[in-house]
Amino acid sequence: MMSVLEKSPTLHWLGRQLFNRDDPAAFFDPLLERINPMWVRQYTPARVKAIYNETADTKTFVLAPAGRWKGFAAGQHVNIGIDVDGVRRNRTFSLSSSPIQWRADGTVTLTIKRLPGGLVTNWMHDHLEPGAVIGLGEAFGDFQIPEPQEPALYIAGGSGITPVLSQLETMAASDYRAPVTLLYFVRTQADVIAAEKLHALASRWPAFTLKVFATSDTHPPQFLSEQHLDDVPGIAARRCYLCGPKGLMDLANDLLYRRGIGEDRIHSTFFSAPSANLDTEILGGAVHFQRSNLDVSSEGDAVLLDIAEAAKLSPRYGCRMGICHQCSCRKTSGTVINRLTGKASGPGEETIQLCVSVPSGPVSVEL
Ligand code: FES
């Protein structure tokens with residue numbers, strides 16, 4: 001029945017009317033999940049095959065997604081859906097394994113750091129066990145390996161190494177011959193994620209140079225500097241990839257920019273959403289949540305997702321930084337400012353992302 005609902009426009013429309021969902025098949029998820037978790041439609045079910053420790057606060061989860069999952073490119077992200085205390089939670093993580101591994105044995109890995117106060121990451125560390133089933137969304141994101149091959153420089157910090165691991169494994173297995181250097185910054189040597197894998201790559205892949213810097217193991221601490229970049233041969237001709245905490249990314253961007261490396265050769269993937277400089281004079285306004293028949297007012301650069309949650313609504317979301325589109329919602333009237341770009345929407349009906357949309361005057365959304 002679900003495939004019929006998905007394929008027939010008429011039945012899809014009927015399902016939309018009956019169940020008020022873009023994906024009517026998802027209506028049956030809770031029922032199917034009770035019968036057999038591998039039947040769930042909203043996400044692809046993925047069984048946890050193994051879990052192993054990377055560091056004191058980071059684990060790698062090996063997952064086997066069901067056959068309908070479409071695969072991924074190295075460096076992409078996925079949304080996952082898991083039930084924590086009976087409530088479905090959605091989060092976005094980078095895949096840390098190579099697509100070559102998925103094609104060979106049907107498994108992928110997520111390498112996840114326990115975040116202080118993080119509901120989902122802590123639950124996964126404390127309760128998720130081999131044999132459990134979680135939901136896996138389709139992969140997305142444009143943090144991808146240079147094509148065709150060219151010299152590359154990776155600058156990663158902490159758990160920002162995860163999409164980089166996926167790319168390095170893929171490049172090594174694809175006979176990537178252009179020079180590739182990784183500058184990996186961690187707090188202490190004990191915080192190096194996938195240390196064994198990185199050192200194995202460095203010893204078997206001649207084009208690869210690995211440099212690990214434990215910032216707190218030296219006095220004074222050694223943060224990214226001109227000196228580190230001076231030591232990268234032919235840096236001006238390298239395509240640069242950045243992934244890590246905002247401070248490291250800002251510093252790396254600044255140092256690379258000062259060397260004349262243009263924006264088009266620097267690729268970043270973020271832990272948290274960057275924010276444009278917004279004109280605070282035009283931010284905030286009355287918000288009408290149509291389906292809930294709720295009116296609230298907002299101030300400053302609060303985004304609609306936060307405003308809705310503060311009003312005790314529970315809109316769906318994943319990354320909370322404008323990349324996964326899980327929070328997409330229909331705006332029926334009013335103007336919103338995109339917090340990432342600073343651009344204003346039109347005044348009429350359109351789909352917006354709640355997590356990056358700041359009201360600018362009165363706004364009405366279908367929520
Ligand atoms: S939650 Fe991912 S785009 Fe909004």
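Every number for a ligand or one of its atoms is a count from 1 in the order of the listing. Heavy atoms only: backbone and side chains are in, while hydrogens, waters and symmetry mates are out.
In this structure, H77 has its ring center at least 6.0 angstrom away from the ring center of F93. The distance between the ring centers of Y317 and H325 does not fall below 6.0 angstrom.
In this structure, R320 pairs ionically with E309, as a charged nitrogen and a carboxylate oxygen lie closer than 4.0 Å.
Cluster partners of V62, by chain and number: Y52. The rule joins Ile, Leu, Val, Met, Phe, Trp and Tyr whenever side-chain heavy atoms lie under 4.5 Å apart.
Near ligand 1, Y317, G318, C319, R320, G322, I323, C324, H325, C327, Q353, C355 each place a heavy atom less than 4.0 angstrom from the ligand.
Classification of the Y241-H267 ring pair by plane angle, with boundaries at 30° and 60°, yields parallel. In this structure, H125 and F61 have perpendicular ring planes: the angle between them is above 60°, well past the 30° mark.
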